[in-house]
Amino acid sequence: VLVVQAQRILLRFLQGGFTGIVPSSLAMASVIAPRERSGFAISKKQNSVAISSMIGPLVGGVWCDTIGARTVFYLASGLSALSLLLVVFGVQEPARPEPTTNTASNQRPFFSLLRRADLAMVFFLIALCQTAISFSFPLIALYMESRGAAKSSLGLSAGFAVAAMGIATALMSPRWGRTIDRSSPRRALLLALPGFCLLMALHSLARTPGELTAIRFGLGLFSSAILPSLYVTVQRSVSAEERGSAMGLASAASIIGKLV
């Protein structure tokens, strides 16, 4: 059993080493979109992530309960192969901007960005907010069971709870994106964070699986503004030639938040 568990951990570790599609797509969206539409573009990208997080747990939960957990990995592998084909034949990378000056910061933007106090604070906030968003994910199934969900359909119940947050995120991401573009990322954060904090606290008061699912839906209405606002702040704080490195660092901060 220990050997099997070690193999699973190793495979998950190796899988994580090939998850660069998220920072790459984020950097591409920030480069392609005009500055005045960056909030909407990044929110739409976040929308696609929300839709996948809605469909994935729901389909995976049904598949696990009806067919079996082992075959879920075959399904995920096939979808990953399909994604590879779509990237190879359907995605065109935008032209790289020419450096404005031949300075050391342009030659090594990664290191120059790390030394900026303003960006370091935003990266820290991305990691912190992502930690808050992801903190309850591993506990959803256990919490559903403690609130009366049947063990025979526990995967489905947990999938619905996760999907509810994804549905709300998909509905609200474009609206938050317009708010970011018309006003500012800071204003969107000030509007969204109080509601997010309140809904997160309400998890402790849920008495049934239905109430927990409804709370997860409400949480998604506000959480959908947080990361896009911070990403846009990063995008607007750097030059065009630094944008790819900056968004990569922002994605790394988000991954660190998920790990924590």
Side-chain angles (χ1 to χ4, degrees), residues 20-50 91-133 169-170 172-196 220-258:
I21 188 171
V22 174
S24 299
S25 61
L26 181 59
M28 188 174 293
S30 66
V31 169
I32 294 175
R35 179 183 175 87
E36 64 276 7
R37 297 281 290 169
S38 57
F40 183 76
I42 292 177
S43 294
K44 290 292 286 184
K45 183 265 175 189
Q46 189 77 3
N47 200 14
S48 66
V49 175
V91 176
Q92 294 183 353
E93 185 176 0
R96 296 182 180 181
E98 293 294 332
T100 55
T101 59
N102 190 24
T103 62
S105 62
N106 285 327
Q107 294 171 8
R108 296 184 299 174
F110 182 86
F111 297 102
S112 64
L113 293 173
L114 288 176
R115 291 193 293 266
R116 288 181 50 178
D118 57 335
L119 287 178
M121 176 57 69
V122 179
F123 295 148
F124 172 75
L125 288 174
I126 290 174
L128 184 64
C129 291
Q130 184 63 74
T131 300
I133 293 172
T169 301
M172 287 300 296
S173 287
R175 292 169 175 80
W176 282 120
R178 295 187 185 95
T179 300
I180 294 170
D181 289 333
R182 293 172 183 173
S183 181
S184 68
R186 184 175 185 273
R187 177 176 173 81
L189 286 172
L190 291 176
L191 291 173
L193 283 174
F196 176 82
L221 297 177
F222 294 100
S223 65
S224 53
I226 297 174
L227 291 180
S229 298
L230 294 171
Y231 287 144
V232 171
T233 301
V234 172
Q235 188 244 18
R236 294 180 180 179
S237 301
V238 299
S239 61
E241 57 266 21
E242 295 174 323
R243 200 167 293 162
S245 296
M247 301 313 290
L249 287 171
S251 295
S254 176
I255 293 172
I256 291 173
K258 289 181 180 180

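Because only heavy atoms are used, hydrogens play no part in the values below, and waters and symmetry mates are left out as well, while side chains stay in. Counting from 1, the numbers follow the sequence of the chain as shown.
- Of the possible donor and acceptor atoms, one in the side chain of Thr131 sits under 3.5 Å from a partner among the backbone N and O of Ala127.
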I'd like a table of donor-acceptor pairs (distance under 3.5 Å, sequence neighbours excluded) in which one partner is a side-chain atom from residues 221-232, with atom names and distances.
unit_1 : atom_1 : unit_2 : atom_2 : d
Ser223 : OG     : Leu219 : O      : 3.2
Ser224 : OG     : Trp176 : NE1    : 3.3
Ser224 : OG     : Gly220 : O      : 3.1
Ser224 : OG     : Leu221 : O      : 3.2
Ser229 : OG     : Ala225 : O      : 2.6

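- A search for side-chain hydrogen bond (donor to acceptor under 3.5 Å, both in side chains) contacts involving Arg116 returns Asp118, not counting sequence neighbours.
- Put simply, CD on Glu242 and CG on Leu249 are 10.5 Å apart, with the number rounded to the nearest 0.5 Å.
- In this structure, CE on Met121 lies 12.0 Å from CD1 on Ile126, to the nearest 0.5 angstrom.
- We find the CG-OG distance between Leu191 and Ser183 to be 7.5 Å, quoted to the nearest 0.5 Å.
- Under a 3.5 Å cut-off, the side chain of Ser254 and the backbone N or O of Ala250 do not form any donor-acceptor pair.
- The distance from the CD atom of Gln130 to the CD1 atom of Ile133 is 5.0 Å, given to the nearest 0.5 Å.
- Listed by first and then second residue, the salt bridge (charged side-chain N to carboxylate O under 4.0 Å, His left out) pairs that reach into residues 245-256 come to none, sequence neighbours excluded.
- Ion pair Asp181/Arg236 flagged as a salt bridge, since at least one NZ, NE, NH1 or NH2 atom sits closer than 4.0 Å to an Asp/Glu carboxylate oxygen.
- Residues Thr233 and Leu189 are not in side-chain contact: their nearest non-hydrogen atoms beyond the backbone lie 4.5 Å or more apart.
- By the 4.5 Å heavy-atom criterion applied to side chains, Ser237 and Leu119 are counted as neighbours.
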